[in-house]
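What follows is a single structure, written as structure tokens, with notes after it.
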Amino acid sequence: MSDVPAAPTEAPAAAPAAGDGESERYDPLSIEPRIAQRWFEERTYSLPTELRHDAPEDVHAPYYALTMFPYPSGDLHMGHAEIFSIHDALVRHLRMTGHTVLNPIGWDAFGLPAENAARTRGADPKAWTYANIEEQRSTIARLGYSFDWDTVLYTCDPAYYAWTQWLFLELFDAGLAYRREALVNWDPVDQTVLANEQVVDGRGERSGAEVQRVPRTQWFFRITDYADELLDDLETIDWPDRVKNAQRAWIGRSEGAEITFRTTDGDDEIVVYTTRPDTIFGATYFVFAPEHPTVTRRMAGDEAYDAYLADVSRRSDIERQAGKRGYRLPFEVVNPFTGEDIPAYAADYVLMDYGTGAIMAVPIGDQRDFEFAKQEGLEIRVIIHPTGPDGELLDPLDPATMDQAYVGPGVMVASGAYDGLPWEQAKERIVADVESKGWGSQRVNFRLRDWLISRQRSWGAPIPIVHCGSCGQVPVPLADLPVELPDDLDFQVQGSPLDQHPTFKHDVVCPSCGSEDATRDVDTMDTFVDSSWYFLRYLSPRDTERAWPTEAAGRWLPVEQYTGGVEHATLHLLYSRFVVKAMRDRGHVAADEPFQALLNQGQVIMDGASMSKSKGNLVVPGEVYETFGADTLRGTLLFASAPEDDIDWADVSPTGMHKWLSRVWRLTMAQLAREDVGDAAIDTAAAVTLRRATAEAIVGAGEDMAARKYNTAIAKMMSLTNAVLDATRAGRGGPEVREAIETLLLLLAPVCPFITEELWARLGHTASIHAERWPDADLSLLVDEEVELVVQVNGKVRGRVTVPAGADQPAAEAAARSDANVAQHLGDQVRKAIFVPDKLLNFVVDG
RNA sequence: GCGAGCGUGGCGGAAUCGGCAGACGCGCUGGGUUUAGGUCCCAGUGGGCCCAACGGCCUGUGGGGGUUCGAGUCCCCCCGCUCGCACCA
């Protein structure tokens with residue numbers, strides 16, 4: 001860890017300048033780097049280790065504030081500047097309101113870009129990564145974000161990934177990490193398998209390549225064991241609805257039944273999963289996933305089927321969804337309820353890894369089955385008679401004229417004993433009968449799949465397993481962790497460099513039996529494993545004895561406020577929840593959830609489109625802070641909109657923010673100049689007005705800050721600025737003006753830490769403004785003696801009258817009637833009057 | 001297709017509980033100071049109409065309907081946009 005780019009180290013400016021009338025201009029570039037340098041070097045915002053690590057019970061108002069650690073792909077971009085500015089305002093405000101804030105930072109430093117840089121440019125992934133980290137770190141320090149620099153961690157550091165490997169072994173020991181063959185997502189561009197969460201619209205999330213389904217033996221984390229809890233506990237956390245909804249949809253709980261079917265020859269039983277057991281009398285055919293084991297066994301050696309299967313497996317998901325290809329199988333299946341023999345198909349619209357990989361097809365009530373039946377000329381049997389909203393019978397269904405399946409309500413027909421029952425009742429009865437006849441059972445199913453964590457890449461944490469010819473999968477002993485990445489990988493090879501390294505794979509003996517018939521697992525873990533637990537490591541980042549101290553985790557977790565991008569809705573945020581729950585069940589944390597509250601910032605875009613170098617619309621933080629300073633950049637981002645809304649850079653004005661900060665600067669300098677010459681005071685009425693404006697700003701900005709509405713908080717500070725300008729227009733000052741200015745600086749400190757630090761010092765304070773408490777408002781100043789009442793006639797504003805605060809309705813009416821314009825609209829038939837004390841009076845008149 | 005969310009001046013956006021729509025800023029217009037200019041200060045700024053002026057009237061939060069003394073806010077329908085999921089049985 002070296003230093004911020006050269007800048008003289010010196011104490012905060014005491015009070016130079018402005019001696020002889022000509023006041024010094026606001027020049028952020030001359031004050032910010034010096035202060036930033038000091039904060040970084042002096043670790044100004046680091047918590048003492050004992051507070052973080054041991055978390056004594058009496059630590060005052062502990063608050064774990066976390067922002068998603070960056071991936072070091074280059075310098076910081078506007079999105080980083082936005083989220084860090086939001087996060088830092090939150091953290092600085094919390095400190096001012098008395099909290100002990102844990103505010104760590106680190107880097108999510110494993111990942112493919114480093115490897116690609118190695119392959120295409122011959123860079124060393126480690127050097128590439130750390131160079132980018134250094135660039136980002138220096139920018140973060142320059143922008144004044146008050147992180148605890150003692151906690152810094154890098155997921156690519158062996159001291160970190162040793163414990164990522166420990167985490168893997170914990171899960172392995174718990175039976176939550178397992179290896180199996182499955183049809184997995186293969187990204188042909190990145191040359192690795194991907195988790196379902198990393199496939200979007202059939203394409204690799206990173207590469208954009210069409211993903212293929214291939215069978216492979218891979219490591220999985222059994223996240224599905226926690227499906228119910230992951231769903232239910234969403235109720236207990238304060239996250240944006242869209243993120244919760246995304247997780248609910250991803251987990252995809254559905255209720256239905258498993259029902260056993262039998263082949264007509266009696267050789268095989270096949271279980272299907274259905275959410276509509278009530279429609280079973282309409283099941284006129286049966287479909288297997290092409291790879292279903294019953295089918296592959298029965299069709300073994302059938303060249304035509306092999307050809308079909310090969311064709312299916314060659315297609316990407318996108319191609320498979322383009323149509324409904326099917327293959328008529330040479331056997332039939334018995335519908336247990338009708339006793340009929342129904343034809344069996346293999347079709348790629350049935351997925352092997354959802355439900356049981358086989359379905360009963362009900363064309364009348366399922367759109368996919370309907371389309372396939374039409375295509376193949378299969379029977380579409382009517383088993384439901386549609387009903388309307390009041391249960392009345394509508395026109396019967398006619399398959400000949402229907403162009404889609406019927407999924408609405410109805411009563412059963414042609415369904416034996418169930419005829420005449422509404423479909424919900426039929427469903428209950430049929431499930432009950434299925435169970436009593438031993439044909440199946442009620443069943444909850446999830447869309448969520450186990451988390452595939454193997455990656456055929458080399459800039460990641462190696463999976464700490466040795467494959468032994470006699471012992472099988474053997475965990476690497478804890479004492480031997482980390483399994484370190486070799487630093488002489490050849491990134492020019494086809495496939496995985498780790499796999500082809502001369503010694504990594506083979507230079508190992510079985511930790512259990514000592515056999516030399518053993519190889520290391522050559523895959524690395526998904527980088528989302530690295531980031532699924534980093535918030536725990538922050539508690540004790542240099543610990544060589546354990547991943548994190550359990551007691552400290554008990555006190556600091558869950559993270560009270562997490563800030564970051566919404567793009568992780570079903571990735572990082574879901575995985576972290578799983579890991580915490582699994583670690584809780586292993587006794588390593590007490591919390592049920594990692595992040596109690598979540599705030600997603602909006603995107604920073606340009607002219608309505610996302611920024612990118614290739615579009616030529618990229619604005620980087622450097623352009624802004626090198627011109628106007630970091631305070632202007634931070635203020636601009638916070639003032640532009642509410643944190644969760646997108647910011648279109650084309651719409652915002654760093655110039656406007658800079659002008660306001662200049663005004664604050666001049667305001668303060670002018671007051672200092674006045675005080676130098678003996679300060680003629682503003683008159684009493686102006687003082688009252690200003691003190692009141694000061695109190696209003698404290699209350700208003702405080703409420704907005706607490707609600708994270710930084711845009712309106714800043715608006716209230718601007719109003720206070722205007723009030724100071726109004727009060728001092730005649731060139732006079734006094735204690736009320738100084739109080740107003742000091743208050744303004746205190747309110748602004750979380751947003752613009754540099755200018756406030758500098759001016760605070762110039763006002764004569766020796767301690768940092770950031771060690772000050774949030775000001776208290778004199779609430780008595782906000783109590784009105786008189787209030788302005790809005791007077792309406794038939795809901796339209798016809799006047800305003802001033803009445804004593806707390807005036808009753810008769811008094812208010814009398815005052816209102818004496819207003820000429822009101823009287824003119826009243827006539828004499830006032831039917832009634834609505835009175836909202838101290839606010840509004842509404843006369844209701846006829847006509 | 002299903003689910004969720006959002007539509008307010010020229011622009012970004014304000015508006016606890018249903019109670020003065022447009023806070024604050026950008027931009028624009030006019031004026032002033034100084035300067036070569038950016039700068040800085042003051043005033044005005046939703047639309048329309050009446051008035052010499054003070055002021056007043058009408059209208060206005062995507063469109064239509066409803067509830068209410070009163071709707072940007074609540075309810076129904078429609079339109080538009082954004083996001084999530086999408087052959088999940």
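Computed from a prediction, not measured in an experiment: that's the story for all the values here. Each chain gets a letter, A, B and so on, in the order the sequences are listed, and its residues count up from 1.
Within the structure, a side-chain polar atom (N or O) of A:K796 is placed less than 4.0 Å from OP1 or OP2 of B:U59. An OP1 or OP2 oxygen of B:A23 is reached within less than 4.0 angstrom by no side-chain nitrogen or oxygen of A:N722. Side-chain nitrogen and oxygen atoms of A:R798 include none within less than 4.0 Å of the OP1 or OP2 phosphate oxygen of B:C20. Note on A:R242: every side-chain N or O is 4.0 Å or more away from OP1 and OP2 of B:C85. Residue A:S254 places at least one side-chain N or O closer than 4.0 Å to OP1 or OP2 of B:A89. The side chain of A:R248 places no N or O atom within less than 4.0 Å of a non-bridging phosphate oxygen (OP1 or OP2) of B:C85. Between A:H825 and B:G56 there is no side-chain polar atom (N or O) within less than 4.0 angstrom of OP1 or OP2.
Distances were taken from every side-chain heavy atom of A:K659 (C-beta onward) to each of B:C87, B:G27, B:A14; the shortest belongs to B:G27. Listed nucleotides B:A89, B:C20, B:A86 differ in distance to A:E788; the shortest reach to its side chain belongs to B:C20. Nearest nucleotide to the A:M718 side chain, out of B:A89, B:G25, B:C87: B:G25. Residue A:Y273 has its side chain nearest to B:A89 when only B:A89, B:G70, B:C11 are considered. Distance from the side chain of A:K839 is smallest to B:G19 among B:G19, B:A89, B:C85.
The 5' end of RNA chain B is approached more closely, in terms of each residue's nearest nucleotide, by A:L725 than by the other of A:A246 and A:L725. Map A:A249 and A:N245 each onto its nearest nucleotide of RNA chain B; the residue landing nearer the 5' end is A:N245.
Cation-pi geometry between A:K324 and A:Y349 is satisfied (NZ or CZ under 6.0 Å from the ring centre, within 45° of the ring normal).
Between A:H658 and A:F628, the two ring planes are tilted [angle within 30° to 60°]. Taking the six-membered ring where tryptophan is involved, the planes of A:Y308 and A:Y327 are tilted, since the angle between them lies from 30° to 60°. Using cut-offs of 30° and 60° for the angle between ring planes, the A:W439 and A:F337 rings count as perpendicular.
With a glycosidic angle no further than 90° from 0, B:C17 counts as syn.
A salt bridge links A:D228 with A:R253; the closest basic N to acidic carboxylate O contact falls under 4.0 Å.
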